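Residue numbering restarts at 1 for every chain, and letters A, B, ... go by the order of the sequence lines. Values in this document were obtained by computation on a predicted structure and should not be read as measured data.
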Amino acid sequence: MLEDEYQLDFFSENGFVRKQCSKCGSHFWTRDTERATCGDAPCDPYSFIGNPVFKKKFDLAEMREYYLNFFEERSHTRLERYPVIARWRDDIYLTIASIADFQPFVTSGEVPPPANPLTISQPCIRLSDLDAVGRSGRHLTTFEMMAHHAFNKQGDEIYWKDRTMELCDEFLNSLGADPMAVTYKEEPWAGGGNAGPCVEVLIGGLEVGTLVFMNMEQSDDGDIVIKGENYRKMDNYIVDTGYGLERLVWASKGSPTIYDAVFPGIVNEIMDLAGVKHELDDSEYANILSQNARLAGLMDVSEKANLFELRKQVASSIGTTVEKLSSIMEPVESVYAITDHTRCLTFMLADGIIPSNVKAGYLARLVLRRTLRMMKDMGITIPLFEIVKMHVHNLPEYPEFQEKLEVIEDILYHEERKFADTLERGKRMIQKSAKHYKEAGEKIPLDTLIEMYDSHGIPPEISKQAASEVGVDVDLPDNFYSLVADGHSKAEKKVVKEFSYSGRVSKLPMTKKLFYDEPTRMRFEAVVLDIFDNHLVLDSTLFYPEGGGQPADHGTVTVEDVVHNIIDVQVVDGVVVHIIEELEDELHIRKGDMVYGHVDEERRMSHACHHTATHIVNDAARKVLGDHVWQAGAQKFVDKARLDISHYKRISQEELNQIEILANRTVMENQRVTAEWMDRVEAEKKYGFGLYQGGVPPGSTIRVLKVADDIEACGGTHCVSTGLVGPIKMLKTERIQDGVERIEYAAGLAAVKAMQEMESYLTQAADALRVRPEHLPSTIDRFFTEWKEFKKENQRLKDDLAHVHVMQMANEAVSIGDLRLVATMIPNADIDELVKIAGELTTNKNMVVLLASDSAGVKIVGAAGEDALKAGANAGQIVREMSAVVGGGGGGKPAMARGGGTDASKIDEALEAGRSMLEEQINK
RNA sequence: GGGCUUGUAGAUCAGUUGGGAGAUCGUCGCCUUUGCAAGGCGAAGGCCCUGGGUUCGAAUCCCAGCAAGUCCA
């Protein structure tokens, strides 16, 4: 398919031959003319275990430094790592590869790379093979992808395939690898909208690197088909390499598993805590692990069936039973997984991911709860944080982790408690329903288990265990999780709002935005470049188009004394489009006309106040709550603004007060607000990714805005100094997701109005109670207490009253057959009173009571004593009949029923109807 | 972004088709025993999350909101 792409001078000049693998049919390049297989699993098993492929053992820090230094010496610029949470992207949550750092703007050519060529060791997180971690011996959730990248453009090439291969080969040779043992396998690559030829670097059966030559992009009219998608060649072409740091370390040590190579100290500590003997010096034990890893390298062990197959093969190769092997392997695998997962959490939390039930936070919680479950199974009782702390101490190359320890501890403490609560709750729920099914002599149905997991987060294993404690059996199918997934309908509709005039607009020059340079000017002149429907494009404008959470300016444009209202302003590819209230037919605007624009100043200033206030509040929140606070969204209005921030618990009133005070202090310091257009790469270097709190702007230059200590990329309009913001009043906080808090506040005049409004609530409330506002809390408390007391008193009085009525009415009863009937109206009695009277009267077993009252229409209560019921009396039916007479409805049980209606004049008629119905009933 | 679940006494929860607000634990009082644990009897403790709607009548049904839990992308 891409065969020609691999015909490189490098191969021919260095004695490589192209061969086809006798097992998988892939093509590969080797120096070894005898070689028949490609060198990749499963065609070649691991041969490096117990037999390191390099001349020296490396640990993580050593190998990382060796690699980066190697490429630095070969004219690459070393880059600092990017966070594991991909803040600069909105299409992925986690950084999954080194190239992800440079997508989309650098790879597309829109933004120049920070250095070229460059080298980096990028921590990456991939959760796709979660089940295999610990079991396969090679899977990790977190790994560092070491890379060298070169970004080439037509006519400006840094280097391409030959040099890349050369560097790779030289690198491996410098480590002392046997050149004859290295193979380069051809493999087309596609991902993230790009594609290109790719070479896998294999040694000892292990893939240690992938060299991608990205030169295509996805395009419907492209003529190259890869994996079913169409691609076309790009103008720019990129060297995208990835070397697995952990795998290189593993290959250098030849230990049984990658875990023993990467973090042996922590593995051992956790083995001790779990009471697992982990003696790699014991050759028999080491052999089991080695065999396991070797064979696991050949299959996907995340499938249960495959795992069993693996156990079978390993067991037979070392001469033991599957059960015996499983009992040895399972605890070890759990410890490996715990060690790996906690390292993953260390990176996630230190880089600012807040566990949540949505987005990246959910992924953190997923890993966290998985880990806690395994720790519980293994009887490891120390707090999760203790293990994370081990990782932090083990990774001195990441000094930034040290600073985050305190917050991480707090987050983990909260999460552990939360999970414990969930499990506790779940256990009660499952046991309750287990008891129910036990009585019915049934098993707990699958639906219940699915609901337990899907709605309440109780893993089926825990449900099963909890149920068995009550003595109820549970059938747990292997494909449980896919059954859960089936329950989720996959109806997903995405409505992409596309600007319908983008074709027409794209032909126009970018609009000069005057509002940046002259934020206080509101009047301007401009020339009409285009007008269609009610859309107006000018050569320059003072109108701010909607963006960055700031709504569009409103105002007017005047042409030859005719005034038109501007009701919306949007920006499309740098062209500002003004939307006019009237339609084109009625407009007297032509291309080339000179127009006078006037921006609604009050609206603009209010937006500016709220925008600047947002930066101030964001900064204050970070100072009060901690560095983990990150903007998750913001919106400004005329009368208020809101800011969403990541935070792992609710913001308390005291914290909110503190934020308010800090924010207003910043206002009073009256600091200048400055904006500066900066080279994107330079700005990132200087200020870090904190710049992108409000979102990632496109383009190679970005507008860096400084408001006091807050520095962000921002395209909004602002007050020129913090003092002009005026007062900032916090209005409320809201939890919009687990881990995301919304703060609402008003600034400037809007804040004054908000305070006046709140004050009016206070005075109104105080007036109503005839007290001074400061006495409101105690007065309300008193009123509420009294109200409760009166309610109870009222209840008691009704009881007494009912009792009095009962004494009288029992005597008034008339005999109907063997029964006695009381049928009467009690003026003004409410339904509760009637019920009480009726209830008490029917303690006489042969009594039937029919009561009516004229309070709020008509209320009717009927009741029958025990013997009356036996005789056939049915209060429910009688009351239904009676209620119909008074124009309403009613019903209840034979012994007690209620009803009512609207027509009080027919009460006597209803009572008579009830009486005759009773007679009918007992005569049957 | 989508789905599901839940808000009732201090705590944990019941509450059948809409028709007398309940249990257990805890609290308080008395009794028994008095070393404690407990046991017996009794009592207090409810804006049934909030606001609308349907109905003669809503803890229960509908809508909206607030709060919480959870799964998935």
Choose from [options] the nucleotide whose nearest atom is closest to any side-chain atom of [X].
| X | options | answer |
| --- | --- | --- |
| R369(A) | C56(B), A73(B), C71(B) | C71(B) |
| N357(A) | U70(B), A73(B), C71(B) | U70(B) |
| M896(A) | G1(B), G20(B), A73(B) | G20(B) |
| K418(A) | C4(B), G1(B), U70(B) | U70(B) |
| E734(A) | C66(B), G69(B), G1(B) | C66(B) |

[X] has an atom [atom1]; how far is it from atom [atom2] of [N], in whole Å?
| X | N | atom1 | atom2 | result |
| --- | --- | --- | --- | --- |
| E451(A) | G69(B) | CD | C1' | 12 Å |
| E744(A) | C66(B) | CD | P | 10 Å |
| E424(A) | U6(B) | CD | C1' | 17 Å |
| I736(A) | A68(B) | CD1 | C1' | 16 Å |
| I458(A) | U6(B) | CD1 | P | 14 Å |
| L127(A) | A73(B) | CG | C1' | 13 Å |
| I860(A) | G19(B) | CD1 | P | 18 Å |
| H456(A) | A68(B) | NE2 | P | 18 Å |

Between [N] and [M], how far is it from one [atom1] atom to the other, in whole Å?
| N | M | atom1 | result |
| --- | --- | --- | --- |
| G26(B) | C66(B) | C1' | 29 Å |
| A64(B) | G22(B) | C1' | 30 Å |
| C47(B) | U60(B) | P | 16 Å |

**Prompt:** How does protein reach along nucleotides 42-47 of chain B, written 5' to 3' as B (base within reach of a heavy atom under 4.0 Å), S (only sugar-phosphate), or - (no contact)?
**Reply:** ---SSB
Pick base, sugar-phosphate or nothing for [X], based on heavy-atom distances below 4.0 Å to the nucleic acid.
| X | value |
| --- | --- |
| R365(A) | sugar-phosphate |
| F419(A) | nothing |
| K859(A) | sugar-phosphate |
| V861(A) | nothing |

Checking base pairs now: Watson-Crick or wobble, both atom distances under 3.5 Å. What partners [N]?
| N | value |
| --- | --- |
| G57(B) | none |
| G39(B) | C31(B) |
| G1(B) | C72(B) |
| G22(B) | C13(B) |

Are [X] and [Y] side-chain neighbours, meaning at least one heavy-atom pair lies under 4.5 Å?
| X | Y | result |
| --- | --- | --- |
| E415(A) | L384(A) | no |
| K435(A) | V472(A) | no |
| Q103(A) | D91(A) | no |
| I462(A) | R373(A) | yes |
| M758(A) | L731(A) | yes |

**Message:** Minimum heavy-atom separation for H139(A) and A132(A), please, with both atom names.
**Reply:**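 That would be ND1-CB, 3.4 Å.
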**Message:** Side-chain N or O of R650(A) versus OP1/OP2 of A68(B): is the shortest distance under 4.0 Å?
**Reply:**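 Indeed, a polar side-chain atom of R650(A) lies that close.
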**Message:** Under 4.0 Å from OP1 or OP2 of U70(B): is there any side-chain N or O of T422(A) that close?
**Reply:**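 Looking at the OP1 and OP2 atoms of U70(B), one of them is under 4.0 Å from a side-chain N or O of T422(A).
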Grab the N/O contacts between the protein and nucleotides 13-18 of chain B below 3.5 Å, and write none if there aren't any.
unit_1: C13(B); atom_1: OP1; unit_2: R428(A); atom_2: NE; d: 3.1
unit_1: C13(B); atom_1: OP1; unit_2: R428(A); atom_2: NH2; d: 3.0
unit_1: C13(B); atom_1: O3'; unit_2: K432(A); atom_2: NZ; d: 2.9
unit_1: A14(B); atom_1: OP1; unit_2: K432(A); atom_2: NZ; d: 2.2
unit_1: A14(B); atom_1: O5'; unit_2: K432(A); atom_2: NZ; d: 3.4

**Asked** What residue among R650(A), H647(A), R735(A) forms side-chain hydrogen bond (donor to acceptor under 3.5 Å, both in side chains) with E741(A)?
**Response**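 The option that passes is R650(A).
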**Asked** Only one of R642(A), K640(A), K636(A) clears salt bridge (Lys or Arg N to Asp or Glu O under 4.0 Å) with E744(A); which?
**Response**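 Answer to the salt bridge (Lys or Arg N to Asp or Glu O under 4.0 Å) test with E744(A) among R642(A), K640(A), K636(A): K640(A).
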**Item:** Sorted by number, the residues of residues 898-916 of chain A with heavy-atom contact under 4.0 Å to RNA chain B
**Value:**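 Listed by number, they are R898(A), G899(A), G900(A), G901(A).
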